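Being a predicted model, the structure only gives us computed values, none of them experimental. Order of the sequence lines sets the chain letters (A, B, ...), proteins ahead of strands, with each chain counted from 1.
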Amino acid sequence: MQHKGLSKLEQQRREKLAKLQQLGVDPYGGRYDGTESAETVRGRYVDNQEGQRACVAGRITLLRDIGKLVFITLRDWTGAIQLGISKQLLAAQWDIVKLLDLGDLIAAKGTLGRTKTGELTIWVDMFTVLAKALLPPPEKFHGLADVDLRYRQRYVDLWANPDVMVRFRQRCQILDTIRRFLQDRGFVEVETPMMQAIAGGAAARPFITHHNALNIDLYLRIAPELFLKRLLVGGMERVFEINRNFRNEGLSTRHNPEFTMMELYQAYGDYHAMMEITESLITTLAGQQGTNGSLPFGELNIRYARPWRKARYADLVKEYAGCSIDDLPAIRAKAKSMGIAEAGMDDAVVINEVFEGAVEHHLVDPTFVMDYPAALCPLTRRSKTDPRYAERFELYIGRMEVANAYTELNDPQVQEDNFLRQLRGQTETMATMDEDFVTALKYGMPPAGGLGIGIDRLIMLLTNATSIRDVILFPLLKPAPNELPEEPAAE
RNA sequence: GGGAGUGUAGCUCAGCAGGUAGAGCAACGGCCUUUUAAGCCGUAGGUCUUGGGUUCGAAUCCCAACACUCUCACCA
């Protein structure tokens with residue numbers, strides 16, 4: 001795929017590499033101690049104070065050759081700093097300076113100062129080549145813009161588009177905060193199987209894989225829920241897991257087949273306790289990211305100020321769709337008017353279609369949607385006052401479902417009945433009876449609240465990324481043509 | 001899978017009432033010791049995604065394929 005033009009540019013760089021070697025320079029460096037980040041150097045510099053030294057390493061992203069003076073913009077993962085290299089100061093290494101290219105990795109030492117225009121600059125008196133780049137970097141001003149290329153070559157995107165680095169470092173910071181927040185509340189982090197004999201805990205099509213030694217098919221998990229609740233039975237009272245789920249579904253700006261989910265379970269809690277945790281956690285995170293209680297998300301401006309809106313599912317349908325979820329003819333009429341093929345659908349499913357079509361896009365600021373129809377919630381305890389509803393909420397922010405939580409069902413009899421009812425309604429692999437889970441419940445699971453937060457979507461909201469692919473380092477892509485396996489010739 | 005859009009130099013993009021290609025950056029050669037997307041002079045770089053068709057003539061029009069983006073569908 002890479003043709004003449006490119007290999008010519010590469011050829012030129014290989015020649016420079018050979019020249020470096022002739023000058024006795026190892027173009028691929030080695031261990032280099034004593035560097036500081038660009039950010040640190042900027043932070044500690046004091047104006048009008050002589051003799052401040054600095055040592056940095058990074059990639060050459062801009063190079064301005066003024067003849068006997070060269071300015072380099074050196075970028076590391078904290079930011080950029082300018083190097084000034086003068087022939088007078090660096091006569092011994094001048095031949096090497098002239099062989100530097102955009103994209104090369106170098107380390108440099110020197111004295112700090114400011115130029116006429118006030119730019120903080122390291123006046124270099126020693127530098128080391130750490131890695132010669134054989135391929136040219138993308139255009140220096142626009143960066144790498146081709147969306148597909150950015151995902152395929154994230155290793156270029158990360159430094160060619162500095163916002164990308166900032167966002168992924170924010171992602172790490174957000175995850176740190178989540179872990180600390182939960183640990184402070186007494187939760188412990190656990191890891192449960194990603195490969196499961198029965199893919200349970202959600203309704204989604206799983207990926208199938210095979211274990212050779214046991215000669216069994218296994219599923220990549222679609223949710224950790226049933227294992228985490230087994231831990232409640234085992235006496236682990238506050239657990240959480242942050243890990244990948246896999247769902248064999250289409251891709252979109254809000255869906256990646258593998259995505260990161262945080263699930264937690266708290267013994268003796270309920271869904272109101274989960275609301276408190278959710279609201280407290282996410283407002284903490286929003287406060288850390290943002291300004292005065294609100295953050296932009298695409299065209300939207302989302303207000304995170306507490307308290308968040310709480311609204312019953314049924315009330316929202318009435319408010320935005322104009323009909324009661326108990327009035328099935330009206331619901332079906334509404335569904336039909338919205339273009340939903342409601343004829344063969346289950347009542348609860350029709351209601352949910354109306355909800356998704358009529359209500360969701362109104363839910364911009366954080367909103368807890370409470371009390372779902374029980375038929376939609378096989379793992380949830382029903383309301384004691386009105387068993388038609390389940391003690392469940394979903395949190396919507398920016399028109400997206402971000403969290404899902406409920407009072408866990410701990411009655412083994414009801415759980416078994418729900419599984420059986422689900423089995424009757426489902427096609428293909430969507431549901432399998434997990435008898436061992438029912439057995440676990442028979443030993444007694446404490447009443448508990450459980451919560452799942454879609455981490456990727458949360459990070460989208462907190463970092464103003466409107467595509468999930470911008471918060472996942474390597475989103476799933478169709479392999480490039482030359483990576484695809486040979487296709488059988490048959491049509 | 002449906003709909004809309006995109007595919008031109010290494011990168012970012014022009015060119016599309018049909019007459020076989022342009023700019024900026026990057027590259028190469030030259031000048032320049034305070035630049036900031038440095039500047040100036042010069043040079044080189046293209047099977048216009050692929051395959052058919054219409055035409056005297058196609059980057060441009062038509063058909064098909066491939067890839068990507070957005071969107072809908074699938075997704076409790």
Base contacts versus sugar-phosphate-only contacts with protein, heavy atoms under 4.0 Å: please encode nucleotides 25-34 of chain B as B, S and - from 5' to 3'.
BSSS---BBB

My understanding is that only one of A:R114, A:R42, A:R64 makes a salt bridge (charged side-chain N to carboxylate O under 4.0 Å, His left out) with A:E119; could you say which?
A:R42

Can you check the distance between [N] and [M], where both ends of the measurement are the [atom1] atom (answer in whole Å)?
{"N": "B:U43", "M": "B:U8", "atom1": "P", "result": "27 Å"}
{"N": "B:G19", "M": "B:U60", "atom1": "C1'", "result": "11 Å"}
{"N": "B:G3", "M": "B:U49", "atom1": "C1'", "result": "22 Å"}
{"N": "B:C25", "M": "B:G39", "atom1": "P", "result": "6 Å"}

Would you say A:S252 places a side-chain N or O within less than 4.0 Å of OP1 or OP2 belonging to B:U71?
no

Phosphate OP1/OP2 of B:U35 contacted by A:R64 side-chain N/O (<4.0 Å):
no

Under 4.0 Å, heavy atoms only, any strand: does [X] hit a base, just the sugar-phosphate, or nothing?
{"X": "A:R150", "result": "nothing"}
{"X": "A:G143", "result": "sugar-phosphate"}
{"X": "A:L477", "result": "nothing"}

Does B:G19 have a Watson-Crick or wobble partner in any strand here, with both distances under 3.5 angstrom, and which is it?
B:C56

Under 3.5 Å donor-acceptor pairs involving side-chain atoms of residues 310-319 of chain A, not counting sequence neighbours:
residue	atom	partner	partner atom	Å
A:R312	NE	A:D371	OD2	3.0
A:Y313	OH	A:N352	OD1	2.7
A:E319	OE1	A:R309	NH2	3.0

Hydrogens and angles aside, do A:R392 and A:T407 bring a side-chain donor and acceptor to less than 3.5 Å of each other?
no

Would you say the base of B:C75 and the side-chain of A:H255 have a donor-acceptor pair closer than 3.5 Å?
yes

Distance-only donor-acceptor test (3.5 Å): side chain A:E119, base B:U35:
no

